[in-house]
Q: 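Just dropping this structure here.
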Amino acid sequence: MKARSILLHVGLTAGLLLSVFPFYWLLVMATRTTADIYSFPPKLWFGTKLGDNVSRVFENIDFFGAFWNTLFVATACAALVLFFDSLAGFTFAKFEFPGKKILFVLLLATMMAPAQLSLVPSFVIMAKLGWVGSFKALIIPGMANAFGIFWIRQYAQESVPSELLDAGRIDGCGFFRLYWNVALPILRPALSFLGAFTFIGAWNDYLWPLIILTDESKYTLQVALASLNGIYLSDYSMVIAGTLLAVIPLIVLFLFVSKQFISDIAAGAIKS
Amino acid sequence: MGKPMLNPEPARVPSSRRTEGGLAARIWKHRKEYLAISPFYILFAVFGLFPIAFSMYLSFQKWDGIGRMSYNGLNNYRFMLTDPEFWRAVGNTLLIWIYSTIPMLFLALVVAFLLHSSFVRMRTLYRVGYFLPNVTSLVAVAIVFGTIFSNNYGLLNYTLNLLGLNSIEWLNRTWGIQLAISVMVIWRWAGYNAIIYLAGLQSIPTVLYEAAKIDGASGVQAFFRITVPNLRPIILFTLITSTIGGMQVFTEPQVLVGNDGGAGGGGLTIVLYLYREAFVHNYFGYGAAVGWGMFILIALFSIVNWLFVQGRPSHDQGVK
Amino acid sequence: MVKFRRIGLPLLSLALVAAGCGGPAPAENTKTLTLWYWNRSLDDGLIQSVEQKFPGIKINAQKIGGDFKSKLKTTLAAGTDGPDIVAFNDWVSELFVSSDRFYDLYELGAKEIEPDFLDWKWNFGVTAEGTMIALPIDTGPTALFYRADLFAEAGLPSEPADVQRELGTWESYLQAGRQLQDHFGGKVKLLDNVKNIYTQFNAQSDRIYFSTDGEFIGDKPESSVKKAWDLAVQAARMKLAGNADAFTSEWNAAMNNGSIASFVGAVWMKEILEQGAPDTAGKWRVARAPGGDGNNGGSFLAIMKSSRYPKEAFDVIRYLQSPDNQIRTYKNINLFPSAAKALDDPILQEKEPFFGDQATGQIFAESARGVKPAYFGDKFTNVNGIALRELNSVALQGKDPDKAWRDALSRIRKELLR
């Protein structure tokens, strides 16, 4: 039993190292000069140039501007998705109204709709709306999504007691008050997952912002990072440092929410 | 739906004016509910349905995005079906999907098993560590892996040299590019799928295994007779999500080897091809046609997957 | 929960408001000109000086990162308000089909300054119908960059004049490569990649893919394309290339590590080389290119039809590209002048430490004077991309060159019918 346990941990640790190694490698490169990064054999341990590299990132791109843009877009996406999805999910879970079944099936069916089909037409629509180059194009189309509504509905069905809603009604709560004062607090765990999921997705989104954003002052981190990679290749250590800076905020966020987030993902997969 | 639904109708509403009116009246009565769910449907109509319908129209047009559209008949589709690069992109996408999905799901299963085993300590640490790649942006991943797979100064070549092997110009080889992309996909998603499998494993009642043990079944037998059948729906779920994800690989090759897909177009996936034709070469009508070609491929592929997983011999379940 | 409510609603409304807000409205009496350019396509200091030079004009200069061309085309497609002034790279001819979206600079007074510029460069911005959509910024005269130390060690000529004399033809250059690679036992390659041979050979030609009336001539004997192809294939067969593409970190690494001894490139490669290969400072020299003088790249400025102030915009671009300011730009960010007069400026005689105190400006100035006028056509980029992809398959995948050439031609013919 002991030997098996050791073997098991060796296997798991090896996997863990593979999983974490690219982060280590990113960190090492960010502390090195460009010539070090190109050197062969490679330098596998930390250097001393992290400060230099980071300060050159700040000189060359408006890192904080891109950071705030990304933070703004991701926060707005998450906030709006939380609001609209929870409102709709709660309604589907706890209220009866004509056509509900059909509407819900329709909602599920939209999840099958192919996203890549709409790349070109979506762009045309954005152009017609005058939203090209604007954050609206990144935020508004996704502010209510089928996955989130489905997720919240599943959760609300099981966790929001109908008795509580009845009690609320007797106290004179209207529809919106029932949602806001009674349901939302109970839905909080589901919301935290959906929020984190949406936030991470919006933070890392690349293709759509790449197409939509024209003005450098509105770039999100991923687009800024890609253009840094394209323009300043000769200063590779700076590109690497920029990559590191773009990755850190999400890792920090993830470490905060990781435990709940991971079990929610697993639960979501099992349920659906 | 396990629980009884709350029924807020007649009894609760004292007003008798609109109780049993026509459909319109009933709809009016529930206007708040409709309002609450309406944003999704409105958004989907504007940003989902309309683009799909529009892309159908666009796929029969010739349009550079700047000048006027002109009717192009089936020419876009004809061009697509006869363009060797389109088929290369399809082939590349399938290859990358195979190179990545099979090892990825296998590794995920192995990790899930190891984690599931009762004497693992620090399970949370492992779970977080394995999941971490999944929250990292693809652009960053592609940049880091670019330095690992580099032709001249790469870490991988250094490792090969340490083992006494010759360096390989990874990114100057079609298969090398595909391998690099696959490794990125595996790295990013193996942990995610492992977590899902782990949850699946944990939901299998231990009684089943105990019963099997009493019946004298070996560990391997228990695996194939209990674990696999019970995990099947979850495996199907991961297979379908990775199929949809795998058909849409874009960022990895675009950042790693550029819009042309690198040497021999090895990294030219369908979405990268679509992106290049529409947004770099400005054949917007053609891009829409490629989108439909891709949709059909994904649909076909998902059905094949589904049949494959469903179609496995079902007598295994007998052990239960 | 009450807390959540207090924070939640304002946050939400803030998000909604902020998502909807546009830029600040321009003041009434100053005229704001929006300028789109990419990093190092114009001198930032010079742009700032515009506001002093032209009181009442405000410059809103935006550096567009990423893929500049697709950003611009996307904006044109969107039909939304673009910038007033926009920079073009050497793909200027791709925009000829949309020439109605730009002001004809001749109508704004460009004729007056035409004599100041090199004619071949000037004509790149003029459509077949004779409208001028773009004013030259810089040029990209080409030359041979080479490592004098490695050439000398391998017994090749190492002084620029000798290199020009002895390696003046492509054939002699490739043969020298064999000698060099034999000497270093394969550790050093003659050149970076064979696609560049193809590109540079065509850059020296006045007939490439299209005749001036738009007919495809890439398969005709008067075109340079097949000769360029054969030469590139020959270089691939002789294994003279390090297979590193320009603008990649691989290329920088190979240059910095000294595993590539030379390449033919435009003058703007100086900057890329100096930054990418700092460890090789002092070892490089520049000589007139094998095969003759050519031009590769170089950018332009255009004025969009949507601009409310075309007159002012023209005054600004005229100022930015005056011979004196071109000299200033050359001094500051190394953009090579397109104004003929600027080529005689003493600044081009200055010694450059990275090139072992050689005054490379002279070499490039001579090259700039020797460039033949060429016509690119609006499909150049797509067509050239097809040829380069096939060539890459020959170089890296070992595809049969004849089959690759046939494939390239048939794909190009299809492309032209799209």
Side-chain angles (χ1 to χ4, degrees), chain B residues 62-70 72 75-76 78-80 82-86 88 139 143 146-147 149-154 157 167 169-177 254-266 268 275-287 289, chain C residues 66-67 69-79 91 94-95 97-101 189 193 195 241-245 247-257 259-260 378-379 381-383 385-386 388-399 404 407-408 410-411 414-415 417-418:
Chain B
K62 183 174 177 169
W63 189 41
D64 65 355
I66 303 174
R68 283 179 182 285
M69 285 187 203
S70 60
N72 202 17
N75 280 341
N76 286 331
R78 203 172 291 140
F79 189 93
M80 176 175 83
T82 57
D83 183 15
E85 285 198 297
F86 171 75
R88 185 179 303 150
V139 179
I143 289 174
T147 67
F149 280 92
S150 162
N151 298 333
N152 292 308
Y153 58 93
N157 277 337
S167 293
E169 290 187 353
W170 297 98
L171 302 182
N172 279 341
R173 303 272 175 276
T174 313
W175 59 268
I177 294 170
Q254 206 252 355
V255 178
L256 190 70
V257 287
N259 289 339
D260 278 330
L268 189 69
Y275 172 80
R276 186 188 78 186
E277 293 298 316
F279 291 94
V280 180
H281 293 169
N282 293 93
Y283 293 114
F284 283 97
Y286 183 63
Chain C
D67 190 342
K69 178 172 71 175
S70 60
K71 282 276 149 62
L72 171 65
K73 287 194 168 182
T74 303
T75 307
L76 288 172
W91 32 260
E94 279 180 53
L95 290 166
V97 284
S98 325
S99 57
D100 60 327
R101 305 288 294 272
K189 293 285 185 181
N193 62 76
K195 286 186 293 186
N243 295 339
D245 285 357
F247 316 113
T248 64
S249 53
E250 297 286 350
W251 191 91
N252 290 340
M255 292 302 165
N256 200 37
N257 297 341
S259 57
I260 290 172
D378 55 7
K379 290 235 179 179
T381 312
N382 290 4
V383 167
I386 293 166
L388 287 177
R389 292 203 290 274
E390 288 294 343
L391 188 57
N392 214 22
S393 300
V394 175
L396 301 177
Q397 259 67 49
K399 185 170 178 177
D407 287 353
S410 77
R411 180 66 171 73
K414 276 185 74 177
E415 179 75 22
L417 292 176
R418 283 172 94 176

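Keep in mind that the numbers below use all heavy atoms, side chains included, and drop hydrogens, waters and symmetry copies. Please read all numbers here as calculations on a predicted model, not as lab measurements. So you know, we letter chains A, B, ... as the sequences are listed, proteins then strands, and number each from 1.
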Q: Judged by atom type as modelled, is there a donor-acceptor pair below 3.5 Å linking the side chain of C:Asn257 to the main-chain atoms of C:Ser259?
A: no
Q: Tell me, out of C:Asn392, C:Val97, C:Asn243, who's got the most heavy-atom pairs with chain B below 4.5 Å.
A: C:Asn243
Q: For the residue pair B:Phe284 and B:Trp63, categorise the inter-ring angle as parallel (less than 30°), tilted (30 to 60°) or perpendicular (more than 60°).
A: tilted
Q: Measure B:Asn282 against the heavy atoms of chain C and call it side chain, backbone, both or neither at under 4.5 Å.
A: side chain
Q: Contact part of B:Asn259 toward chain C, heavy-atom cut-off under 4.5 Å: side chain, backbone, both or neither?
A: side chain
Q: Compute whether any side-chain donor of one residue and acceptor of the other, for C:Trp251 and C:Asn193, lie under 3.5 angstrom apart.
A: no
Q: Give, as side chain, backbone, both or neither, the part of C:Gln397 having an atom under 4.5 angstrom from any heavy atom of chain B.
A: side chain
Q: Is it the backbone or the side chain of C:Lys379 that comes under 4.5 Å from a heavy atom of chain B, or both, or neither?
A: side chain
Q: At a heavy-atom distance under 4.5 Å, which candidate from C:Arg389, C:Arg418, C:Lys414 has the highest pair count against chain B?
A: C:Arg418
Q: Would you mind checking which part of B:Thr147 comes under 4.5 Å of any heavy atom in chain C, side chain (CB onward), backbone (N, CA, C, O), both or neither?
A: neither
Q: What part of C:Leu388 lies closer than 4.5 angstrom to a heavy atom of chain B: side chain, backbone, both or neither?
A: neither
Q: Working to the nearest 0.5 Å, report the span between NZ of B:Lys62 and OH of B:Tyr283.
A: 8.0 Å
Q: Output yes when a side-chain donor or acceptor of B:Asn172 lies under 3.5 Å from a complementary backbone atom of B:Ala263, and no otherwise.
A: no
Q: Which region of B:Arg276, side chain (C-beta onward) or backbone (N, CA, C, O), has a non-hydrogen atom less than 4.5 Å from a non-hydrogen atom of chain C, or is it both or neither?
A: side chain
Q: Measuring only between side-chain heavy atoms, which start at C-beta, is C:Leu95 closer than 4.5 Å to C:Leu72?
A: yes
Q: If we only count heavy atoms from C-beta on, is the C:Asn256 to B:Tyr153 side-chain gap below 4.5 Å?
A: no
